[in-house]
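What follows is a single structure, written as structure tokens, with notes after it.
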There are 2 protein chains.
Amino acid sequence: MKTQHSASSTHTKILETASRLFYEQGYHLTGINQVIAEAGIAKASFYYHFSSKEDLCIAYLEKRHQDWFGWLREEVERSEEPQERLLSLFTFLELWLANSDFRGCAFLNITAEFPSPENRIRLLVLNHKDALQAYIAQLVDSLDIPASGNNSAYLINAIYLLFEGTICKCQMYRTTEFIKNTRETVSQLIS
Amino acid sequence: MKTQHSASSTHTKILETASRLFYEQGYHLTGINQVIAEAGIAKASFYYHFSSKEDLCIAYLEKRHQDWFGWLREEVERSEEPQERLLSLFTFLELWLANSDFRGCAFLNITAEFPSPENRIRLLVLNHKDALQAYIAQLVDSLDIPASGNNSAYLINAIYLLFEGTICKCQMYRTTEFIKNTRETVSQLIS
DNA sequence: TTTTATCCAGACAGGTTTGTCTACAATTTG
DNA sequence: CAAATTGTAGACAAACCTGTCTGGATAAAA
């Protein structure tokens, strides 16, 4: 046995392997034995770090939230202009979706897999989507638009829905081709 | 045994039970033994009518497509004016989503559950979504809009995405409250 | 009426799943 | 250095899964 017990290398290894597999294959089509085999750890180590498959799922979603928002911000913050930033949300989708084999949104997917998700999972989903809408709202508020309260809310809602709709369409059609049309629509909406 | 072998009553019973359970619980969380128990049939009957669980899934999606489009058309065709009809797509979502416990779109859900859906399932999903977009296109084309070819395609794409985005948001947030905002946005888009 | 189709009850089989447990071994901490 | 922490291999157990099969019984068709 030549294992290095660095702070939490095994914990990280499990989480990263499971995150990849849960996202790629779906939660229910991924068994813990596969996670264990691919992470190259012992079953006892798995249960040393995570008390159940479901706890691992929670950790997966928490990690996913951080990772995904990091990717999103990274792309958006390449632009300086508020309008550019808003449009880059859709540029981000083009890049991210194509790079993730059109697997779509982890939070949407888990919602489909858990019809009555227990409260923990549902809270993570809502937290993620709240954060996304807040981010869109922030970008919209940075615009120089004569948007009265109501108008701004409509716009934020619409952009959010276009965003989610785009994720779904790409996931099903396995293409990002139409996103330039969507970006153009959003461009018109904000001008 | 006092069972009536009407044309396909057992086949229908299986399909309806499975359809309900697959939609409510998800495909992978529904085992065939539950379908059998709730349909009140014998296992041999199940396999007499469907050669596998997957074949049942195909039948489920085919039935779902017919049913769902029936519901959609029924609501839309209550309006006469083209504009009214387009907006009633979102009225339909309000009614349907609230009445289906916010369980969302069966086709989206199955896409999440089958990351690499085998071809048959994927074809059914795409067929359903193609039909939906064609329907939206038909409604848009009935409008009296000076829409050049490109403009019309943008509009159809946007409305479709708002539609899908709405389904997702309602599924996650378990509310239809925001749909009136969305309907207003669509109203502005088409005028 | 006979034949065919459809249905029943449920045992069986092999496989998979998640989680528990044991007896160490290796590494880190105090 | 000893104690605590973390990791190993993998057996075990119960439950569940999908699909096969048997020997009828019932209903419909010819």
Side-chain angles (χ1 to χ4, degrees), chain A residues 1-61 110 113-118 120-121, chain B residues 1-61 110 113-118 120-121:
Chain A
M1 284 210 287
K2 292 168 173 279
T3 311
Q4 185 174 25
H5 297 189
S6 67
S8 58
S9 73
T10 300
H11 182 277
T12 299
K13 205 186 306 181
I14 299 171
L15 185 50
E16 290 186 345
T17 304
S19 295
R20 176 172 60 80
L21 292 175
F22 285 166
Y23 182 66
E24 288 174 1
Q25 298 180 166
Y27 175 80
H28 286 115
L29 283 183
T30 303
I32 66 153
N33 288 322
Q34 189 184 2
V35 174
I36 284 159
E38 297 201 19
I41 57 162
K43 186 172 281 193
S45 300
F46 179 93
Y47 283 103
Y48 179 81
H49 287 275
F50 296 95
S51 41
S52 66
K53 185 183 179 183
E54 193 165 289
D55 276 1
L56 180 57
C57 184
I58 300 296
Y60 155 58
L61 293 174
I110 212 73
E113 290 205 67
F114 281 97
S116 306
E118 53 102 35
R120 285 190 301 171
I121 291 184
Chain B
M1 277 205 293
K2 291 173 173 277
T3 311
Q4 183 173 28
H5 297 189
S6 67
S8 56
S9 72
T10 300
H11 182 277
T12 299
K13 207 186 306 180
I14 298 171
L15 185 50
E16 289 186 347
T17 304
S19 293
R20 175 171 61 82
L21 293 174
F22 285 166
Y23 183 69
E24 290 173 1
Q25 302 180 163
Y27 175 80
H28 286 114
L29 283 182
T30 304
I32 65 156
N33 289 320
Q34 189 185 358
V35 174
I36 284 160
E38 299 202 16
I41 58 164
K43 185 172 281 194
S45 301
F46 179 92
Y47 284 106
Y48 179 81
H49 287 275
F50 297 94
S51 39
S52 65
K53 184 184 179 183
E54 192 165 289
D55 276 2
L56 179 58
C57 185
I58 301 296
Y60 154 59
L61 293 174
I110 214 74
E113 290 205 67
F114 280 97
S116 303
E118 52 99 36
R120 286 189 300 169
I121 292 184

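Residue numbering restarts at 1 for every chain, and letters A, B, ... go by the order of the sequence lines.
Residues A:K13 and A:A39 share a closest heavy-atom pair of CD-O, 2.8 Å. Minimum interatomic distance between A:P115 and B:E24 (heavy atoms only, all atoms of both residues): CB-O, 2.9 Å. Between A:G31 and A:K53, the shortest heavy-atom contact is CA-NZ, 4.5 Å.
The side chain of B:K43 approaches D:dG19 more closely than any other nucleotide in the set D:dA11, C:dT17, D:dG19. Between D:dG7, C:dA9, D:dA11, one nucleotide has an atom nearer to the side chain of B:A42 than all others, and that is C:dA9.
Per the geometry, CG belonging to B:N33 stands 10 Å off P belonging to D:dC16, to the nearest Å. Nucleotide C:dA26 holds its P atom 19 Å from the CD1 atom of A:I41, rounded to whole Å. What separates CD1 of A:I32 from P of D:dG10 is a distance of 16 Å, to the nearest Å. Rounded to an integer number of Å, the gap from B:F46 CZ to D:dC21 C1' is 16 Å. Distance B:I36 CD1 to D:dC16 C1': 14 Å, rounded to the nearest Å. For the pair B:H49 NE2 and C:dA5 P, the interatomic distance rounds to 13 Å; values are reported in whole Å. Atom CG in A:L29 sits about 12 Å away from atom P in D:dT18, given to the nearest Å. Taking atom CZ of B:F50 as the reference point, atom C1' of D:dT18 lies 16 Å away to the nearest angstrom.
In this model, no side-chain donor or acceptor of B:K53 finds a partner on the base of D:dG19 within 3.5 Å.
Positionally, the nearest nucleotide of DNA chain C for A:H28 lies more toward the 5' end than for the other of A:A44 and A:H28.
Between A:H11 and the phosphate of D:dG7, there is no side-chain N or O to OP1/OP2 separation shorter than 4.0 Å.
Note: A:Y27 and A:F114 have tilted aromatic rings, judged against thresholds of 30 and 60 degrees for the angle between ring planes.
Within 4.0 Å of B:S52, counting heavy atoms only, lie sugar-phosphate atoms of the nucleic acid but no base atom.
Every residue two or more places apart in sequence or in another chain that forms a side-chain contact (heavy atoms from CB on, under 4.5 Å) with A:E38 is listed here: A:T17, A:R20, A:L21, A:Q34.
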